[in-house]
Amino acid sequence: MEKVIFKRAALSAAVVAALVAPGMALAAQDMMSPDYGKSYSAFADDAKLTGGIFYFQRDRQRVEDPTMADPAGGKDPVRNPNAGRYKTNLSHATTQIALNFNSGYAWDMVGLDLGGFGAYDLSIDETNPVNQENEFSFAGNSWGNNYSDAAAAGGFSLSNAALKFKFLDGALTAKSGYTQLYVPGVIGVNWSYQPGTYRGGQIEGNIGGLYLTYAIADEYKAPWYKETQVFSRAKAWMDPFADENVIDYIHGIAARYTFENGTAVTGSFGQSEGYMDSYHFKLAHKFDVLGGLSTSYQFYGSETETYMKGGKEIETYDGMAWQQALTAAWNYQQYGFRLEGMWTKAEGAEGNYLPRLTRGYGNSQGANEIWWDSRSDWNNNNEKAVFAGVTRSLDDLVGAPGWAIGVSGAYGWDAESGDGKLKNGEEWAANFDVMYTVQDGKLKGTLFKLHFTDYNNKQDELGSWAYPNMFTSERDVKFHIIAPFTIM
């Protein structure tokens with residue numbers, strides 16, 4: 001164990017030293033110049049203090065599974081007399097407040113970012129354990145330990161505490177500490193209204209049309225945890241911190257080149273130590289038709305290493321698992337349109353594609369761009385899925401700016417279990433949105449949004465998780481209020 005602790009400490013120290021040492025040397029040289037005091041004052045003069053007040057209310061109903069545990073303790077489940085009926089799955093009203101300080105750059109080189117937030121459940125259905133991890137209040141102190149806490153809780157958490165650096169007139173930037181990392185297609189963060197936080201560092205550079213980045217981290221917390229935790233090959237309930245499950249670090253590298261005609265090509269590689277290699281490719285182009293047609297092809301792929309646990313071989317994927325996607329978006333007058341399609345291959349024990357470098361949800365996060373706000377992830381083995389949506393500004397109809405509505409739908413078919421025993425799974429969803437953004441006054445920029453999803457699993461009689469990432473049918477209502485503010 002001491003060896004592991006030493007490795008993590010050395011990793012963090014190496015990141016900090018690599019990023020800070022050049023800055024310290026340049027700063028020492030600059031201290032003798034007449035402009036030293038003026039340069040230092042930019043740290044405060046260019047600083048910003050911003051924040052937000054947030055409210056989220058949710059009521060999610062889910063069809064009850066057809067079977068339930070044998071009350072006599074036997075091995076065979078018994079028929080659920082309420083099968084097919086909708087039952088409350090999530091019910092809560094949660095508020096958050098966030099505050100973020102972003103300094104300027106002293107000596108035009110080094111700065112500091114600090115941020116944190118508080119969360120509190122105004123109301124919550126404590127009789128249903130699933131509300132513990134509603135993702136907007138705190139499920140516990142850290143991932144993998146939350147189940148012992150047994151209830152959602154309010155409190156405060158640090159989201160950002162990092163040094164930042166820039167060199168070569170901003171062409172090269174870096175940061176290190178508790179911060180958000182983003183490597184296209186392979187490393188990102190979970191979101192509530194606030195972002196997740198890594199313990200690590202990142203360096204980025206822009207040279208003409210070329211963008212390069214590298215990031216590394218040894219711990220992470222989703223925004224519904226208060227403390228960072230090590231990475232794991234296992235899910236939260238599968239002894240995640242046993243020595244054979246612990247991952248010492250994750251890292252990723254990416255390059256993107258944007259041509260003068262707007263075409264952008266991105267390639268990325270990510271890795272979790274001793275467990276997973278992930279690959280990403282994206283080709284994007286904007287055509288000068290239909291008011292500006294933005295298109296992309298995206299590929300996400302992952303391979304996992306087999307490892308031993310309790311004398312048994314564990315293999316998340318059988319060969320390379322992948323997702324491929326085609327996207328298109330365009331605007332016409334008051335209308336905005338989206339059309340997207342996706343195909344997933346994920347043979348093996350997992351049976352669905354994990355958009356991250358670790359196995360358990362909330363233990364890290366990837367940077368998959370495909371998100372349809374339609375409840376399902378549409379990522380079961382062999383599943384094909386399509387999404388279509390349209391939004392419309394109502395300015396011309398209601399006589400006041402800021403109103404918009406949206407309708408969308410998604411359909412997935414050909415889903416299979418990872419072992420191929422179940423096939424031809426189907427699911428679909430319909431969504432409706434109403435949005436209003438305050439246009440002026442003290443509340444300018446405040447967003448009110450109501451979202452409804454009617455999600456349908458065509459195999460409800462099999463129950464949740466018969467297909468690895470497909471729960472029974474749901475009706476989900478979400479109401480958001482997002483009120484940003486600036487202090488300085």
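Scope of the values below: all heavy atoms of this structure, side chains included, with no hydrogens, waters or symmetry mates.
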Just checking, R256 and Y211: is the charged tip under 6.0 Å from the six-membered ring centre and within 45° of the axis?
yes

Can a side-chain donor-acceptor contact be found between T344 and N379 if the only test is distance below 3.5 angstrom?
no

D318 (side chain) donor-acceptor with G348 (main chain) under 3.5 angstrom
no

Taking R233 for its side chain and E244 for its backbone only, find out whether a donor-acceptor pair lies under 3.5 Å.
yes

Start with the C-alpha distance between Y411 and W413, add both sets of side-chain angles, then the distance that settles ring pair (Phe, Tyr, Trp, His ring centres under 6.0 Å), and finish with yes or no.
CA-CA 7 Å; Y411 173 63; W413 70 98; 5.4 Å; yes

Check whether T94 reaches the backbone of F56 with its side chain - one donor and one acceptor, N or O, closer than 3.5 Å.
no

Inter- and intrachain pairs under salt bridge (charged side-chain N to carboxylate O under 4.0 Å, His left out), touching residues 342-362, at least two apart:
K235-E350, K345-E347, E350-R359

Closer than 3.5 angstrom, by distance alone: can the side chain of S232 be matched with the main-chain N or O of F241 as a donor-acceptor pair?
no

So, are R60 and E474 salt-bridged, with charged N and O less than 4.0 Å apart?
yes

Expected output: side-chain T304 to main-chain Y317 donor-acceptor under 3.5 Å:
yes

Hydrogens and angles aside, do Q324 and Y297 bring a side-chain donor and acceptor to less than 3.5 Å of each other?
yes

Full working for side chain to side chain contact (heavy atoms under 4.5 Å, CB included) between W322 and W343:
CA-CA 8 Å; W322 49 256; W343 182 17; 3.7 Å; yes

Donor-acceptor pair, side chain of T197 and main chain of S159, under 3.5 angstrom:
yes

Compute whether any side-chain donor of one residue and acceptor of the other, for S142 and E227, lie under 3.5 angstrom apart.
no

State yes or no: are the ring centers of F432 and F452 separated by less than 6.0 Å?
no

Keeping T213 on the side-chain end and I203 on the backbone end, is there a donor-acceptor pair under 3.5 Å?
yes

Tell me, do E461 and Q459 make a side-chain contact under 4.5 Å, heavy atoms counted?
yes

Step-by-step ring pair (Phe, Tyr, Trp, His ring centres under 6.0 Å) determination, Y300 to F281
CA-CA 7 Å; Y300 304 84; F281 173 79; over 10 Å; no

Between OG on residue S408 and CD on residue E340, distance to nearest 0.5 Å:
10.5 Å

Report yes or no: do N431 and S374 form a side-chain donor-acceptor pair below 3.5 Å?
yes

